[in-house]
Amino acid sequence: MTNVIEVTNLRKTYGATVAVEDISLTVQKGEIFGIVGPNGAGKTTTVETIMGLRRPDSGTVRVLGLDPQTQAEELRQRLGIQLQEASLPDYLKVWEALDLFASFYHQTVPWEPLLAQWGLGDKRNTRFKNLSGGQKQRLFIALALLNDPEVVFLDELTTGLDPQARRATWEMVRAIRDQGKTVILVTHFMDEAEELADRVAIIDQGRLAALDTPQALIQGLQTGSTVRFTSVNGFDAAVLEEVAGVTAVHQKNGSLQAPQITVQGSGPLLSRVAVKLAEYNIAPLDLRVELADLEEVFLALTGHKIRA
Amino acid sequence: MQALTKMTWVELKLKLREPVGTFFTLVFPLLLLFLFGSIYGNEPTAFLGGRGNVDNSVPGYIAMIIGTTGMIGLPIALSVYREQGILRRFRAAPITPGLVLGSQVAVNLIVSLVGMAFLILVGVFVYDLVLPAAPFSTFLAVIMSGFSFLSVGFVLASLLPTATSAQAVGMALFFPMMFLSGAGLPQQILPEKLVAFSQYLPLTYVVNLLQGLWYGDGWNWTAVLVLAGMTVAATAVSVRYFRWE
């Protein structure tokens with residue numbers, strides 16, 4: 001694997017505010033590299049420094065072997081960039097945006113198939129201000145792919161999209177990776193990173209808290225497992241405390257619903273709990289293991305939740 | 001070069017799609033022409049040094065177009081581009097600031113020239129406007145004055161944080177100049193003190209320069225010097241302070 005991005009001891013401050021304290025990371029060719037963390041953690045500053053839009057206070061950045069500060073033009077010919085809080089003129093038509101941006105690059109792919117591919121084929125004469133949020137995002141992705149880039153940056157791609165549009169966008173991100181491009185995905189949605197990223201860098205308060213595959217990060221959590229099910233009235237869940245490996249049992253009684261039971265512990269928890277329930281002739285249909293996710297990884301690593 | 005041409009062409013189309021933004025460049029000067037033309041006509045009078053009112057006013061109206069484009073139109077357009085994140089998107093592409101700024105200069109000069117052409121055409125056909133004595137020099141002077149006021153526009157766009165403040169400051173600068181410099185009203189009707197004060201207003205030099213060339217008095221070198229100096233100083237300031245976001 002070759003490294004397309006190498007960041008060493010990056011530091012960036014704005015006045016008295018330290019946006020990035022000290023971050024080092026490498027991104028490999030062909031991967032979807034997730035950068036996650038809460039708003040204000042330093043994610044955007046990190047990627048904007050990698051793109052060359054911001055000058056680091058110290059540390060080195062190399063992208064495709066180039067220095068983003070001194071070789072910005074050459075580098076941006078080879079990058080695809082979708083930025084947060086960027087826009088286009090209200091009255092600019094979709095085709096004009098693509099035609100205009102195509103004139104900025106030495107090499108481009110034909111933009112008509114690109115429009116069709118991103119579901120904007122029938123929007124070519126629509127003005128930017130008349131596009132929906134999802135259509136604007138797709139136009140920005142199309143613009144980012146116009147120069148057949150080697151590295152694509154997607155910053156908070158799905159913020160403001162409805163769940164259906166989010167899912168569709170995820171598919172499109174995978175499609176970009178499948179074309180052999182390297183994708184840098186910046187997001188504050190942990191589920192998005194877990195779903196898409198080959199490796200995830202967790203950034204908190206300007207520092208790298210962890211960097212690994214989502215699976216490794218989740219497995220690294222020593223929290224044991226959790227089993228949940230819907231109980232029946234009259235069953236005393238306390239008997240589950242006798243089950244081997246169980247550390248805690250919680251019962252939540254709703255006024256209208258049957259009680260919800262949560263069992264925490266370690267070992268083969270699900271099968272042991274099932275056996276015990278069978279002794280009492282209880283066979284809940286929703287007996288299941290709750291898996292840990294990146295949100296919990298973040299909580300365990302930083303001691304606070306990603307969203308306050 | 002291809003990118004600059006394309007960018008200018010796109011900007012031109014955008015201006016036509018939102019024509020209200022070009023009111024002061026294309027429509028307002030014509031309204032003044034008709035208003036004062038219908039009141040005073042274009043008969044030579046001693047009060048205006050033997051010239052008719054329309055002949056006396058049109059070089060000033062041309063200066064007014066230059067002033068309004070530079071001090072109001074350009075700073076608002078650029079500030080809106082910055083505020084909405086449009087400059088931010090452009091910046092992520094492999095282009096230089098010169099491309100964005102150059103296309104703004106080009107499109108604003110083009111729209112200004114169209115406004116001036118309207119004014120001259122209507123003036124000639126409706127009021128028998130006398131054409132410039134030195135047409136080519138007048139054209140050069142218009143371009144030169146355009147550059148100097150567009151560079152002032154870049155300074156306003158660079159130093160003022162928002163589109164609203166750019167608009168307020170632009171108007172606060174433009175309107176006194178329009179009334180006192182001879183651009184919107186003949187200086188002959190102003191008291192001497194105000195005429196003396198107008199020597200501190202840059203637009204006065206555009207009016208002097210254009211009137212001199214229009215009436216066959218040749219180049220006003222003081223005006224050339226003032227406007228050239230302003231261009232250099234304003235360009236230096238905006239290169240230093242221009243912000244993409």
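Protein chains get the first letters and strands the later ones, always in sequence-line order, with residue 1 at the start of each. Only a predicted model underlies this, so the values are computations on that prediction, with no experimental measurement involved. Both backbone and side-chain heavy atoms feed into the values below; hydrogens, waters and symmetry mates do not.
Under the rule for a salt bridge (Lys or Arg N to Asp or Glu O under 4.0 Å), the partners of B:Arg88 that lie at least two apart in sequence or sit in another chain are A:Glu48, B:Glu245. In terms of the ring-ring contact (aromatic ring centres under 6.0 Å, His included) criterion, B:Tyr127 has no residue partners (sequence neighbours excluded).
Residue contact with chain B, scored on non-hydrogen atoms closer than 4.5 Å, is absent for A:Leu75. In this structure, chain B has a heavy atom under 4.5 Å from the side chain of A:Phe101, while its backbone stays farther away. For chain A, the nearby part of B:Leu99 is the side chain; its heavy atoms alone come within less than 4.5 Å. Interface remark: A:Asn147 contributes no atoms to any contact with chain B (heavy atom separation under 4.5 Å).
Under the 6.0 Å cut-off for aromatic ring centres, A:Phe140 and A:Phe128 qualify, their centroids lying closer than that.
Top candidate by heavy-atom pairs under 4.5 Å with chain A, chosen from B:Lys13, B:Gln84, B:Arg91, is B:Arg91. Between chain B and the options A:Gln82, A:Glu74, A:Arg127, A:Glu96, heavy-atom pairs under 4.5 Å are most frequent for A:Glu96. Interface summary for chain B: among A:Leu79, A:Leu88, A:Leu100, A:Ile81, the most heavy-atom pairs under 4.5 angstrom belong to A:Leu100.
Salt-bridge check for A:Arg199 with A:Glu31: passed, with a basic side-chain N closer than 4.0 Å to an acidic carboxylate O.
Here the side chain of A:Ser24 pairs a donor or acceptor atom with the backbone of A:Asn9 at under 3.5 angstrom. Between the side chain of A:Arg76 and the backbone N or O of A:Gly52, at least one donor-acceptor pair lies under 3.5 Å.
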